[in-house]
There are 2 protein chains.
Amino acid sequence: MIGEHLAKLDTKTKILIHAEKLFAKQGFNSTSLREITTEAEVNLASVNYHFGSKKTLIQAVLSRYLALFMPQLIKELDQAENNLASTVNCFFNALRILDTINSDSAKNFLMLVGRGYSESQGHLRRYIQSSYAQELNQIFEHFNRVTPHLNKEALFWRLHFCLGAMVFTMSSSSALSEISESDWGASINVNHLMQKLVPFINASLATQTQINLTQGEV
Amino acid sequence: MIGEHLAKLDTKTKILIHAEKLFAKQGFNSTSLREITTEAEVNLASVNYHFGSKKTLIQAVLSRYLALFMPQLIKELDQAENNLASTVNCFFNALRILDTINSDSAKNFLMLVGRGYSESQGHLRRYIQSSYAQELNQIFEHFNRVTPHLNKEALFWRLHFCLGAMVFTMSSSSALSEISESDWGASINVNHLMQKLVPFINASLATQTQINLTQGEV
DNA sequence: ATAAATTTAAAACGCTTGTTTGAATTTATG
DNA sequence: CATAAATTCAAACAAGCGTTTTAAATTTAT
């Protein structure tokens, strides 16, 4: 409480760093506290001491990213031109600020978000959406402004699908490396993946009208 | 070995059905054999008796879907018109045949595929890609034929991103229901999601050229 | 320098995991 | 009907889990 200096924060931070890495790689439930503390070279009990519980640790890991990412994104959006490409760029630029934590942080962040949506951790998504309700709304409105050809519901779905493409791409990055290397001899890293994603997402949101359903009941 | 009739297969099938459901809902690692056998109302040891191990059970669950889905997809592709919309429709039609197993099977199947890519279960993806190498190639070539505006690498990426959109959408369907209901008062089911996905995927693959990167290094 | 507060450390807690075992039971065959 | 094979069952296994406890060590404040 009183002495908030280096030595104290170190253990806490070490835990966060390695928890982040392992959560993204293996998921929340498949990563044990012992795995985290062993890699972080800290005592097992210090997790419960510093964070209370595993659940709280999970939220803390995500908070660490969001606290960096969200303000940065808002800042970039404020300075951005009022067109789609610039807006999409803001998003990827803001992702890149996470690299100050460590390399691959952008990937890990997206994977965590994805796991927050899909793993039976509904509380995580609700936590994000309530903690950053205002920012999320601001972001959505910004996209809404630069996509006048889409109504709000259409935009919502396209953003969701784009998020899926991003999350899945980052989640399967190791698989993609394997495939790509055997198919084209080209190795792949996070930057390569983002380079592929940016134009895809731009195109996905830019498309004016979508082909109508051609079948009766789906 | 000898009596391959109803009673014998029943336990095996009961396990498969409930394992499928729980794996899709919670992931492989987060689902215990005890959870499966309790829901299936069979003895715990029968999993190892019939399938050998949990790992083999996971493969068996996916095999069950693939054995239905793949031939159906190939069949539909053979009969389809040589254009993109028809090809995409084949995919969703083939998904729909899984509903003969039980409702929501299409969703569970896609979620399982997604988990096979992202969960540290690389063996699952390799299993799919080696067991269905010929079919996968055939499918890719069919898409390649109806998207002459895309080279093979571009097509690979777009298909991957579309798969991500699908997988993520199905994985987050419960979250989507929650959001959608509070935002538009509209409830959502798998069919609704597919209706949203079809035009998105059509548009994603149809787009001729993609916007070029506007920044230096990503 | 001493007392208080904080942080580490090791051990144990009860619980759940996948898997194995050996006997009981059901099923199929001669 | 008896015999053999196939299946089910309850019980136990070792190993791993999150968490708690107890005590020692270290840092901070008086």
Side-chain angles (χ1 to χ4, degrees), chain A residues 1-62 115 119-121 123-124, chain B residues 1-62 112 115-116 119-124 127:
Chain A
M1 279 285 190
I2 298 169
E4 291 268 341
H5 296 103
L6 272 175
K8 315 282 179 73
L9 285 175
D10 252 1
T11 297
K12 208 170 170 179
T13 310
K14 274 197 269 183
I15 293 172
L16 280 173
I17 291 172
H18 291 90
E20 168 247 304
K21 195 170 69 179
L22 288 167
F23 283 156
K25 188 156 80 173
Q26 310 171 341
F28 302 119
N29 292 320
S30 307
T31 302
S32 69
L33 296 183
R34 280 169 179 83
E35 225 173 333
I36 294 170
T37 53
T38 302
E39 283 220 1
E41 294 176 322
V42 300
N43 190 268
L44 169 62
S46 58
V47 173
N48 290 77
Y49 175 76
H50 284 290
F51 298 95
S53 71
K54 189 182 180 181
K55 202 174 192 169
T56 327
L57 172 62
I58 294 174
Q59 287 193 3
V61 168
L62 236 170
R115 291 191 184 279
E119 217 156 329
S120 49
Q121 303 269 11
H123 74 96
L124 248 192
Chain B
M1 280 281 190
I2 297 170
E4 291 269 340
H5 297 102
L6 272 174
K8 314 283 179 74
L9 283 176
D10 251 3
T11 298
K12 208 172 171 177
T13 309
K14 275 197 269 185
I15 293 173
L16 279 173
I17 291 172
H18 292 89
E20 167 247 306
K21 195 171 67 180
L22 289 167
F23 283 155
K25 187 159 78 175
Q26 311 172 339
F28 302 121
N29 293 321
S30 306
T31 302
S32 70
L33 296 183
R34 279 172 179 78
E35 225 174 332
I36 295 169
T37 53
T38 301
E39 282 220 1
E41 294 177 320
V42 301
N43 189 269
L44 169 62
S46 56
V47 173
N48 292 73
Y49 176 77
H50 283 290
F51 297 95
S53 71
K54 189 183 179 180
K55 201 174 192 170
T56 328
L57 171 63
I58 294 173
Q59 287 193 2
V61 168
L62 236 170
L112 285 178
R115 291 190 185 278
E119 217 155 331
S120 50
Q121 303 270 11
H123 74 93
L124 247 192
Y127 164 75

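Below, read A as the first sequence line, B as the second, and so on, with proteins coming before strands; counting in each chain starts at 1.
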Can you check the B:Q26 CD to C:dT17 P distance for me, whole Å? 10 Å
Any chance you could measure A:S32, atom OG, to A:Q26, atom CD, to the nearest 0.5 Å? 8.0 Å
With heavy-atom distances below 4.5 Å as the criterion, would you say the side chains of A:F23 and A:R115 are in contact? no
Do the side-chain N and O atoms of B:E41 and B:H18 include a donor-acceptor pair separated by under 3.5 angstrom? no
Check for a donor-acceptor pair, side chain of B:T31 on one end and backbone N or O of B:L22 on the other, with a separation under 3.5 Å. yes
Just by protein heavy atoms under 4.0 Å, how would nucleotides 18-24 of chain C read 5' to 3' in B, S and -? BBBB---
Under 4.0 Å: is that the gap between some side-chain N or O of B:N43 and OP1 or OP2 of D:dA10? yes
When rounded to the nearest 0.5 Å, the distance separating CG of B:L62 from CD of B:E20 is 10.0 Å
Can you measure from CG (B:N48) to CG (B:L33) and round to the nearest 0.5 angstrom? 6.5 Å
May I ask you to verify if any side-chain N or O of A:T11 is less than 4.0 angstrom from the OP1 or OP2 atom of C:dT7? no
Quickly work out the A:F51 CZ to C:dT7 P distance and round it to whole Å. 12 Å
Between B:E39 and B:K21, is there a salt bridge with N-O shorter than 4.0 Å? yes
For a 4.5 angstrom cut-off between non-hydrogen side-chain atoms, does B:F51 reach B:Q59? no
In whole angstroms, how far is the P atom of C:dT7 from the NZ atom of A:K14? 14 Å
Here the distance between atom C1' of C:dT7 and atom CD1 of A:I15, to the nearest Å, is 11 Å
Under 4.0 angstrom between B:H50 side-chain N/O and D:dT8 OP1 or OP2: yes
One should report the stems of DNA chain D, each a stretch of at least three consecutive Watson-Crick or G-U pairs at distances under 3.5 Å, as C:1-28 with D:3-30
